[in-house]
Protein chains: 2
Amino acid sequence: MVDAFSAAAEPNRRRILQLLASRPRTVGEVAAEFPVTRSAISQHLLLLASAGLVAAERHGRQRHYRVLPSGLRKVQAEIDRFWTDELDLLVTDAQLRSKT
Amino acid sequence: MVDAFSAAAEPNRRRILQLLASRPRTVGEVAAEFPVTRSAISQHLLLLASAGLVAAERHGRQRHYRVLPSGLRKVQAEIDRFWTDELDLLVTDAQLRSKT
DNA sequence: CTCATACGTTAGTGAACACTAACGCATCGG
DNA sequence: CCGATGCGTTAGTGTTCACTAACGTATGAG
């Protein structure tokens with residue numbers, strides 16, 4: 001999983017990124033917001049880290065994960081490159097037509 | 001793969017959607033733009049169809065795939081819901097700081 | 001009709017994914 | 001010290017994915 005867009009796309013990871021956007025958190029803190037185990041969250045965080053989207057900092061026996069703006073910027077760039085004018089036109093055109 | 005965002009995120013499928021945005025195409029026409037086999041493209045198209053992003057129409061022995069604006073709108077909505085103000089702030093703040 | 005040919009989908013495979021269970025390792029109370 | 005507790009990661013498993021190879025089907029030349 002090298003692609004930042006794909007890494008950020010998985011539903012749980014989307015929410016993890018949003019949580020970490022407000023402030024850094026430990027694995028346990030993040031996991032508390034989800035119905036799955038700490039382990040699953042830990043692995044999502046490791047994957048996000050391998051995609052350059054988050055980084056961890058040791059703090060005693062905890063690990064504070066935070067979002068990396070550089071990785072986030074990469075996601076934004078890929079989203080922008082994906083969402084072409086042609087795709088946007090299809091959406092807006094269809095909406096106009098449905099409002100007629 | 002129910003999630004439209006995740007379905008659209010895979011790099012090949014991103015480009016398939018862009019190709020189909022300009023005009024409907026057959027599986028072979030799409031596959032000609034990729035280094036992989038028709039079969040692989042066919043399966044990507046089937047997955048996109050199961051996510052409600054594209055639909056096929058039989059035309060002789062060919063199948064003309066086209067983008068469904070309704071599905072595209074779903075993707076746009078999920079992207080918007082994902083990309084919160086907090087995430088955006090992280091990116092723009094970091095950019096401002098780097099330009100200082 | 002019939003056989004070659006082009007089109008798209010199904011069968012089959014190796015790798016990656018998402019998850020729980022078991023583990024290692026610090027830290028803290030006693 | 002040292003055992004218990006809490007934190008995060010590795011081991012193990014079933015599922016899904018991305019792909020090529022083989023297939024079925026329908027069209028078109030003769």
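Note that these values count all heavy atoms, side chains included, but never hydrogens, waters or copies made by symmetry. Not measured: the values here are computed from a predicted model. In what follows, chains carry the letters A, B, and so on, assigned in the order in which the sequence lines appear, proteins first and then strands, with residues in each chain numbered from 1.
- Hydrophobic cluster membership is shared by V36(A) and V54(A), with clusters built from Ile, Leu, Val, Met, Phe, Trp and Tyr side chains linked at under 4.5 angstrom.
- Computed from coordinates, the Y65(A) OH to dG8(D) P distance equals 8 Å when rounded to whole Å.
- Rounded to whole angstrom, the span from the CG atom of D3(B) across to the P atom of dA18(C) amounts to 11 Å.
- Remark: R25(B) fails to qualify as a cation-pi partner of Y65(B) under the 6.0 Å distance and 45° angle criteria applied to the six-membered ring.
- Note: CD (E10(A)) to P (dC17(D)) measures 12 Å, nearest angstrom.
- Dashed line: the shortest gap from a side-chain N or O of H44(B) to OP1 or OP2 of dC17(D) is not under 4.0 Å.
- Although no hydrogens or angles enter the test, the distance criterion places no donor-acceptor pair under 3.5 Å between the side chain of Q18(B) and the main chain of T84(A).
- Residue L47(A) is not grouped with residue V67(A) when hydrophobic side chains (ILVMFWY) are merged at heavy-atom distances under 4.5 angstrom, including chains of intermediate members.
- The distance from atom CZ of R61(B) to atom C1' of dT5(C) is 7 Å, rounded to the nearest whole Å.
- Nearest heavy atoms, V27(B) versus I41(B): O-CG2, 4.2 Å.
- Distance CD1 (I16(B)) to P (dA18(D)): 11 Å, rounded to an integer number of Å.
- Salt-bridge check for R73(B) with D88(A): failed, with every basic side-chain N at 4.0 Å or more from each acidic carboxylate O.
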Can you tabulate the close N/O pairs, meaning under 3.5 Å, that link protein atoms to atoms of nucleotides 20-23 of chain D?
residue	atom	partner	partner atom	Å
dT20(D)	OP2	T37(B)	N	3.1
dT20(D)	OP2	T37(B)	OG1	3.0
dT20(D)	O4	S39(B)	OG	2.8
dT20(D)	O4	Q43(B)	NE2	2.9
dA21(D)	N6	S39(B)	OG	2.6

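- In this structure, R58(A) places its CZ atom 11 Å from C1' of dT27(C), rounding to the nearest Å.
- Where T26(A) and L47(B) meet DNA chain D, the nucleotide closest to each residue was compared, and T26(A) sits on the side nearer the 5' end.
- Taking atom CD on E29(B) and atom C1' on dC7(C), their separation rounds to 12 Å, with Å as the unit.
- In this structure, the CG atom of L46(B) is 7 Å from the C1' atom of dT9(C), given to the nearest Å.
- At least one donor-acceptor pair under 3.5 Å links the side chain of E29(B) to the backbone N or O of T26(B).
- For the pair S42(A) and dG8(D), the criterion of a side-chain N or O lying under 4.0 Å from OP1 or OP2 is not met.
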